[in-house]
Amino acid sequence: MAVPPVPQSRTATAVRAARVPLLLDIVIGLLIAAALPLAVVAIPNTISLVATLLPPGISHIDMMRMHGLALPAMLLTVPLAMLAVRRFRAAPMAVAGLIVLALADVAGGYANSVATVGVLRALHGVGAGVLVTATLAAVYERPRWRILLAIWGAALAASMVTAQALALWPLDGADSWRITLQPYPLLTGVALVLAAAYLVLWLIAGDARRDDEDGAAADSGSAGEDPAAARRRLVVVCLLGVVVAALSVGMSFGWPWYLVIAGAVAAVIVLLAFGALLPPEPRGGRTPAFAALGTGLVILPATAQVTIIELRGVGGPGLKELWIPFAVAAVVALGAAIGTALAPESLAEKAPSLGLVAVVAGLAAIRIIVPSPSGAPLTLPFALLAAGAAVTLLGAFRLARPGSALAALALCLGGVLAGFLLGTAAQVYQLMGLGEAVPTKLMVVNRFVEALHLWALATGFVVVAIIVLTALLARRSGAATAAAAGPEPARGDGEVVIPAPTRSPEEGGGLAGGPISDR
């Protein structure tokens, strides 16, 4: 029998369709692993540790205030990045975010004034905000989104646990204060190359991507979202960023102790209120928002305070002995994230609460173990916090559609800022106890340890309240959904037919294409 020849162009297209998407997923995974640490390491304010290297005449207080602008700028950028990523897609936005970070790094070598530092730190925050938004959007644009989400969640959890240490590492033996403005220029270059490769592959794989998204849409069906709910979510996130960033900047201008404490508590209350205002998800209700908030509130602020206390200069083992606990925490975060990504849906829905319970256990371990004369005991709290963060984020974002996941990301960053504000309030409260006596170094260190313990206790209660609140809201949302849906159809053998999970076509294929299959 004669076999008609297969056109070479069609064969080439099939080969490209099979290979390019897989390569694209690999590049996205590598980009996430390189870019998220860069974005998160921009958050810590480390200028005080090299204050002796500042030129004469520059106010240390003003420099610290300007150096702390990165996180408020990051929080304010996320809502704008949410809009931009839906219009331009994730690949161009990732390149744009890394370009901003790279330009800020280069210009950091020429900074010579407080105002310049403020501008560059704000640019670091803008670039980081664009980058975390773009990488999460890139995850939801791919058919293999669940595995990529595991990499994203593990990278974010590990980055938050190690951020303070990574920010301090380049300062060891530094001979210029400008190193705080360009801590990892080589990693920035590597991430920029990966982002450029992602952009090129994304452009090449345009036809294959559309085919994948069409297939996903055929598998999972279509579930659009009310445009009014999308607008409400955007307004809530914008207001959240403005209010919490304003509180943060205001508190840096020498507020009295009672206003500092009131402002920190107000920031937490505002975040909880805005989380309650977000539109609920069909499956998770408001669980993604509150779970992300609890993660941000604890992980980075807790590990940052522990890292500072455990520095050799204040009696701890120093950074060199902390890297093994940090490495173990990163591996645990990756394993926990992959396990949660592959877990059955019934277990995944419980993951946010289980992860937050692990976070509370990590806070309890901090109160028991810190300060520690060696690094090994710190493996326990770091591993608990990293695993809890990874499980919480993965469980929350598996329940969320892309737009809601981005809103939850904004709440997570707001939680980071509120956690630092609570830490400042606890330190102010403890340092008041010194009175007018001339404090010794040991007295100050002990007060900071007591402030950490007080902070861990207070935030532990907040996280427990979040667990209870999310459980109540999830039960209420589930009852309302069941009542609205009515009885479910059943198969002839009595098996209940459960509709396949869907994602909003307006938000994504990820964010601009068809819905993604949840397989």
Side-chain angles (χ1 to χ4, degrees), residues 41-74 100-128 163-186 188 245 248-257 259-260 304-305 307-316 318-319 417 420-421 423-424 427-428 430-432 434-445 447-448 451:
V41 83
I43 294 175
N45 188 341
T46 57
I47 194 68
S48 62
L49 298 177
V50 291
T52 57
L53 300 176
L54 290 171
I58 291 184
S59 169
H60 293 188
I61 299 298
D62 290 343
M63 189 65 82
M64 289 179 62
R65 184 180 296 122
M66 293 297 103
H67 209 273
L69 289 178
L71 183 52
M74 189 176 179
V100 173
L101 281 177
L103 290 176
D105 281 354
V106 171
Y110 302 95
N112 56 9
S113 67
V114 172
T116 305
V117 170
V119 171
L120 293 180
R121 288 293 289 164
L123 285 177
H124 275 124
V126 170
Q164 187 70 41
L166 290 174
L168 293 175
W169 183 260
L171 306 186
D172 187 24
D175 56 2
S176 172
W177 61 272
R178 295 184 180 89
I179 191 67
T180 60
L181 300 175
Q182 42 183 198
Y184 293 100
L186 179 59
T188 304
S248 171
V249 174
M251 287 174 61
S252 68
F253 282 91
W255 286 13
W257 65 270
L259 285 183
V260 171
Q305 294 179 76
T307 302
I308 293 295
I309 288 174
E310 297 294 342
L311 289 177
R312 190 175 300 279
V314 294
L319 280 179
L417 191 47
F420 278 120
L421 295 182
T424 301
Q427 290 168 4
V428 168
Q430 289 294 334
L431 292 175
M432 284 171 52
L434 294 174
E436 297 180 357
V438 178
T440 64
K441 180 179 178 180
L442 180 59
M443 292 171 61
V444 173
V445 170
R447 290 294 179 175
F448 275 107

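Residues: numbered from 1 along the sequence shown.
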Close side-chain approach of [X] and [Y], heavy atoms under 4.5 Å:
X	Y	value
Leu181	His67	yes
Leu53	Asp175	no
Gln430	Phe448	no

How far apart are the closest heavy atoms of [X] and [Y], and which atoms are they?
X	Y	result
Ile47	Trp177	CD1-CE3, 4.0 Å
Arg121	Ile43	NH2-O, 3.7 Å
Ala304	Gln164	CB-OE1, 3.4 Å
Arg178	Ala111	NE-O, 2.6 Å
Thr46	Ala167	CG2-CB, 3.8 Å
Pro72	Leu69	CD-O, 3.4 Å

Residues passing the salt bridge (Lys or Arg N to Asp or Glu O under 4.0 Å) test with Asp172, sequence neighbours excluded, are none
Given 3.5 Å as the limit, does a donor-acceptor pair link the side chain of Ser176 with the main chain of Ile179, or not?
no
Using atom types as modelled and distance alone, determine if a side-chain donor or acceptor of Arg447 lies under 3.5 Å from a backbone N or O of Gln427.
no
Evaluation steps, side-chain contact (heavy atoms from CB on, under 4.5 Å), between Asp105 and His124:
CA-CA 8 Å; Asp105 281 354; His124 275 124; 2.9 Å; yes
side-chain contact (heavy atoms from CB on, under 4.5 Å) with Met63: which of Val50, Val114, Asn45?
Val114
To the closest 0.5 Å, what do you measure between CD1 (Ile61) and OG (Ser252)?
10.0 Å
Separation between OG1 of Thr188 and CG of Leu186, rounded to the nearest 0.5 Å:
8.5 Å
Leu120 vs Met66, side-chain contact (heavy atoms from CB on, under 4.5 Å): CA-CA, chis, key distance, verdict:
CA-CA 9 Å; Leu120 293 180; Met66 293 297 103; over 6 Å; no
Derivation and outcome, side-chain contact (heavy atoms from CB on, under 4.5 Å), residues Thr116 and Val119:
CA-CA 5 Å; Thr116 305; Val119 171; 5.7 Å; no
Using the rule given for side-chain contact (heavy atoms from CB on, under 4.5 Å), can you reason through Trp257 versus Leu431, listing the C-alpha separation, both sets of side-chain angles and the distance that settles it, and then say yes or no?
CA-CA 10 Å; Trp257 65 270; Leu431 292 175; over 6 Å; no
